[in-house]
Q: 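Next up is a structure, given as structure tokens.
Please read these numbers as outputs of a predicted model, since none were measured by experiment. Letters go in sequence order (proteins before strands), and every chain restarts at 1.
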2 protein chains.
Amino acid sequence: MKLNTEKLLMIPGPTMVPNEVLNTMALPIIGHRTADYGALLEDTVDKMKKVFQTKYDAHLITGSGTAAMDMAISNTVDKGDKVLNIVNGNFGDRFYKIANTYKANTMLLDNEWGDMADVEKVKETLEENPDTKVVTIVHNETSTGVKNPIEEIGKVVKDHDAIYIVDTVSSLGGDYVDVDKFNIDICVTGSQKCIAAPPGMAAISVNDKAWEVINKTETKSFYLDIKAYQKKWESSKETPYTPSVSMTYAMNKALEIVLDEGLETRFKRHDKFAEATRAGLEAMGIELFAKERARSVTVTSALYPEGISDKDFRGTLNNDYDVLVAGGQAHLKGKIFRVGHMGSVKEHHILGTLALIEAGLKKLGYDAGCGVDVAKDYLL
Amino acid sequence: MKLNTEKLLMIPGPTMVPNEVLNTMALPIIGHRTADYGALLEDTVDKMKKVFQTKYDAHLITGSGTAAMDMAISNTVDKGDKVLNIVNGNFGDRFYKIANTYKANTMLLDNEWGDMADVEKVKETLEENPDTKVVTIVHNETSTGVKNPIEEIGKVVKDHDAIYIVDTVSSLGGDYVDVDKFNIDICVTGSQKCIAAPPGMAAISVNDKAWEVINKTETKSFYLDIKAYQKKWESSKETPYTPSVSMTYAMNKALEIVLDEGLETRFKRHDKFAEATRAGLEAMGIELFAKERARSVTVTSALYPEGISDKDFRGTLNNDYDVLVAGGQAHLKGKIFRVGHMGSVKEHHILGTLALIEAGLKKLGYDAGCGVDVAKDYLL
């Protein structure tokens with residue numbers, strides 16, 4: 001069937017994939033039980049660990065980021081176990097739902113959507129609940145454009161028995177994450193955000209504190225049983241089930257690009273792009289949704305000006321200009337729009353998009369002025 | 001890193017992928033929450049249903065074939081439920097292991113590895129156990145090169161309350177399968193065998209009898225909860241979690257190729273290739289492993305001639321000639337080798353491989369004569 005693959009993806013994932021990476025996807029398939037694949041997988045896991053910044057274990061999973069979230073929870077949480085789910089958006093809520101699927105004794109620490117999680121409250125809750133087994137949080141809430149203080153919360157959790165599970169699906173490789181330094185026991189991420197590979201593969205890091213819990217937890221999933229992954233890895237550097245060979249090619253190349261750019265440089269680039277986007281939108285008179293202290297560097301959320309409909313605005317950008325931005329999720333539907341600026345995004349994508357946001361708003365009767373002019377000063 | 005993607009894949013999966021399909025893998029990514037992706041998914045599912053030959057529901061899963069096997073079991077089997085696992089190879093055994101993971105009351109109907117499952121025994125067991133909830137079988141056991149009589153067993157199961165789960169991972173699109181006619185309630189398959197797409201996507205069909213059971217079964221997995229897939233599909237023709245967009249491109253094209261060739265023509269081609277391979281090997285004086293009445297049309301298993309080591313034989317084919325054939329699994333390791341001839345395989349692949357099997361054996365001291373000469377008569 002006919003496909004239109006000419007849209008600019010300024011959504012918070014999947015993001016645009018460099019040609020070098022896309023080209024690996026078209027390579028012929030190799031057998032996954034061969035020394036060639038073993039060497040590829042080992043090299044890819046090694047690169048993945050460098051991006052996680054961990055000296056512990058990591059696995060690649062053929063599946064969505066949600067598969068890795070599920071793997072993290074189903075391998076650490078038994079029925080009745082006390083789980084603290086820190087929630088301030090749709091993906092934090094997903095951890096809560098997963099923990100409930102496994103009948104955990106969940107404690108929902110609900111924070112305002114649009115603000116960051118409250119470190120003090122986490123501390124209090126853990127002190128009141130010393131039998132907490134698992135704490136979950138999402139580093140970068142794409143649903144709200146919020147970044148959570150995972151390093152600070154990691155300092156709190158490390159003094160307790162609980163293990164600390166962090167979703168960095170839309171931050172790792174773009175925003176500053178240091179798994180070992182941040183005391184993250186299990187970190188999950190996806191291929192299709194800041195790493196800028198196609199969607200279809202997820203990754204998980206596991207340290208010794210987490211293995212202790214995993215080894216005492218009942219096996220509740222077959223496909224996502226992390227012990228099977230570890231066992232196969234230790235015996236033959238293979239995956240227990242047939243992996244996506246093409247996605248392994250792509251991840252290897254995408255991670256190479258991340259490491260070649262350098263993590264520090266990449267974090268700074270994401271900071272700069274986020275600042276430019278925010279400044280551009282604010283100069284258009286648009287109010288940012290996320291509180292200033294809590295703003296994501298990979299996605300910017302903004303409130304619609306009075307009278308602008310989500311359908312018309314995003315429809316105009318998509319249909320007239322071939323640019324995709326995202327709408328709001330859950331109760332934020334229709335109220336906010338979200339601009340992704342992560343992964344392999346470049347200055348011209350940011351400025352082109354801001355200029356078209358202005359053009360789109362003008363068409364719909366809102367005079368946004370020239371925010372792009374302000375934004376470009378941040379990019380020089 | 002440097003990759004050698006020049007090997008001929010005569011293993012029972014992953015199989016060689018047509019260029020037309022590989023090329024779709026390199027297409028830029030589209031947003032998975034867009035009308036464009038919705039149309040692509042709908043068209044792909046529609047094609048998948050034609051290959052399943054079902055009028056009921058089907059879903060695509062980002063994951064291995066094992067993910068679909070797990071989805072089939074975890075959504076139908078609760079703790080203590082009676083499950084009949086018909087086993088005559090490694091993959092039949094995998095269903096048994098999955099059912100045990102969910103603490104089913106499993107009944108293992110063990111058949112000789114190398115022979116087909118016994119229909120009468122299935123009938124007897126179901127009559128003795130009318131409270132059986134689920135029956136599992138693998139159509140084509142790649143581990144042994146055996147094909148099971150799934151149509152005949154389907155006729156038996158349909159008169160019972162039990163639902164019939166069939167793994168057609170290495171047969172669908174190559175060997176004759178008609179899901180509705182065979183009374184299969186849940187059928188699972190993978191992308192990387194007879195459909196000849198890269199590995200990384202699985203598919204599942206579900207009929208009304210199966211939904212009745214699913215709706216009464218406890219949700220035991222988050223990522224593989226089929227009710228979430230169905231709900232999202234019914235509301236918006238989307239997947240609940242980010243799918244592999246690239247694999248959706250590839251599956252769409254690969255299924256189009258299958259349907260363009262025509263299922264009947266494709267089945268006949270696989271029959272012919274299997275006959276040629278078997279005749280060629282037998283003409284070399286090599287004994288086939290699977291019993292005559294039970295031979296797969298997608299993979300041929302053969303016993304090593306006395307004195308030929310698996311390591312040397314497959315090493316020679318791989319290192320000297322760039323041809324991959326498979327070894328044995330579990331207790332058959334070192335005793336058999338397996339030649340895959342499914343998917344997009346062509347006459348020259350079959351004949352080239354047979355000739356190199358002869359050459360390889362000769363190098364190792366076994367004079368195999370000229371079986372390829374016999375094989376080619378089957379291909380005219």
Q: Shorter than 4.5 Å, heavy atoms on both sides: which option in A:S64, A:G31, A:G200 has the most such pairs with chain B?
A: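 Among the listed options, the one with the most contacts to chain B is A:S64.
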Q: Side chain from CB out, backbone as N, CA, C, O: work out which of these in A:L324 comes under 4.5 Å of a heavy atom of chain B, or both, or neither.
A: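 Side chain only.
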Q: Distance-only, no hydrogens or angles: does the A:Y223 side chain make a donor-acceptor pair with backbone N or O of B:G65 under 3.5 Å?
A: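 No: the side chain of A:Y223 does not pair with the backbone of B:G65.
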Q: Report the distance from atom OG1 of B:T219 to atom CG of A:N100, rounding to the nearest 0.5 Å.
A: 12.0 Å
Q: Measure distances from A:A326 to the heavy atoms of chain B and classify the residue's part below 4.5 Å as side chain, backbone, both or neither.
A: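 Neither part.
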Q: Answer with side chain, backbone, both or neither: which region of A:I11 has an atom nearer than 4.5 Å to a non-hydrogen atom of chain B?
A: side chain
Q: Give, as side chain, backbone, both or neither, the part of A:K7 having an atom under 4.5 angstrom from any heavy atom of chain B.
A: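 When you check distances to chain B, only side chain atoms of A:K7 fall under 4.5 Å.
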Q: Pick one of side chain, backbone, both or neither for B:L3, based on which atoms fall under 4.5 Å of a heavy atom in chain A.
A: side chain
Q: Output the option from A:N23, A:T34, A:L40 having the highest count of non-hydrogen pairs under 4.5 Å with chain B.
A: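 The option with the most such pairs is A:L40.
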Q: Need one label for A:E6: side chain, backbone, both or neither, based on atoms under 4.5 Å from any heavy atom in chain B.
A: neither
Q: Counting only heavy atoms closer than 4.5 Å, note whether A:S74 contacts chain B via side chain, backbone, both or neither.
A: neither
Q: Tell me which of these, A:G190, A:S191, A:S244, has more heavy-atom pairs under 4.5 Å with chain B than the rest.
A: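 Most heavy-atom pairs under 4.5 Å with chain B: A:S244.
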Q: Taking all non-hydrogen atoms of both residues into account, name the closest pair between A:L9 and B:I29 and its distance.
A: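 For A:L9 versus B:I29, the nearest heavy atoms are CD1-O, 3.3 Å.
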Q: Any side-chain heavy-atom pair from B:V245 and A:P198 closer than 4.5 angstrom?
A: no
Q: Please tell me if the side chains of A:D70 and B:S221 come closer than 4.5 Å, counting only heavy atoms from C-beta onward.
A: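 Of all side-chain heavy-atom pairs linking B:S221 with A:D70, at least one is under 4.5 Å.
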Q: Side chain, backbone, both or neither: which part of A:T24 has an atom under 4.5 Å from a heavy atom of chain B?
A: neither
Q: Can you tell me which of B:M71, B:M16, B:M69, B:R94 forms the most heavy-atom pairs within a distance under 4.5 Å of chain A?
A: B:R94
Q: Do A:T66 and B:T242 make a side-chain contact, defined as non-hydrogen atoms from C-beta onward lying under 4.5 Å apart?
A: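 No. Closest side-chain heavy atoms not under 4.5 Å.
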Q: Report, as yes or no, whether the 6.0 Å neighbourhood of atom NZ on A:K227 holds more than 12 heavy atoms from other residues, nucleotides or ligands.
A: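 Yes, the 6.0 Å shell around NZ holds more than 12 heavy atoms from other groups.
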Q: Sort A:M1 into side chain, backbone, both or neither according to what part of it lies under 4.5 angstrom from a heavy atom of chain B.
A: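 Its backbone and side chain both get close to chain B.
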Q: What part of A:K103 is in contact with chain B, defined as an atom under 4.5 angstrom from a non-hydrogen atom: side chain, backbone, both or neither?
A: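 Only the side chain of A:K103 comes within 4.5 Å of chain B.
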Q: Which atoms of A:P243 are under 4.5 Å from chain B, going by heavy atoms: the side chain, the backbone, both sets, or neither?
A: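 Only the backbone of A:P243 comes within 4.5 Å of chain B.
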Q: Relative to chain B, which segment of A:I98 carries a heavy atom at a distance below 4.5 Å: side chain, backbone, both, or neither?
A: both
Q: Under 4.5 Å from any heavy atom of chain B, what part of A:V17 do you find: side chain, backbone, both or neither?
A: side chain
Q: If I measure from the heavy atoms of chain A, does B:A250 come under 4.5 Å with its side chain, its backbone, both, or neither?
A: neither
Q: Between B:F222, B:Y249, B:Y241, which shows the greatest number of heavy-atom pairs under 4.5 Å with chain A?
A: B:F222
Q: Is there a side-chain contact between B:L22 and A:P28, using heavy atoms and a 4.5 Å cut-off?
A: yes
Q: Between A:Y37 and chain B, which part of the residue has a heavy atom less than 4.5 Å away: side chain, backbone, both or neither?
A: neither
Q: Less than 4.5 Å apart, side chain to side chain, heavy atoms only: is that true for A:H32 and B:P14?
A: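 Yes. Closest side-chain heavy atoms under 4.5 Å.
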Q: When you compare the side chain of B:I30 with that of A:N4, does any pair of heavy atoms fall below 4.5 Å?
A: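 With C-beta onward as the side chain, the pair stays apart.
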Q: Picking from B:M25, B:E256, B:M201, which has the most non-hydrogen pairs under 4.5 angstrom with chain A?
A: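 Most pairs with chain A among the choices: B:M25.
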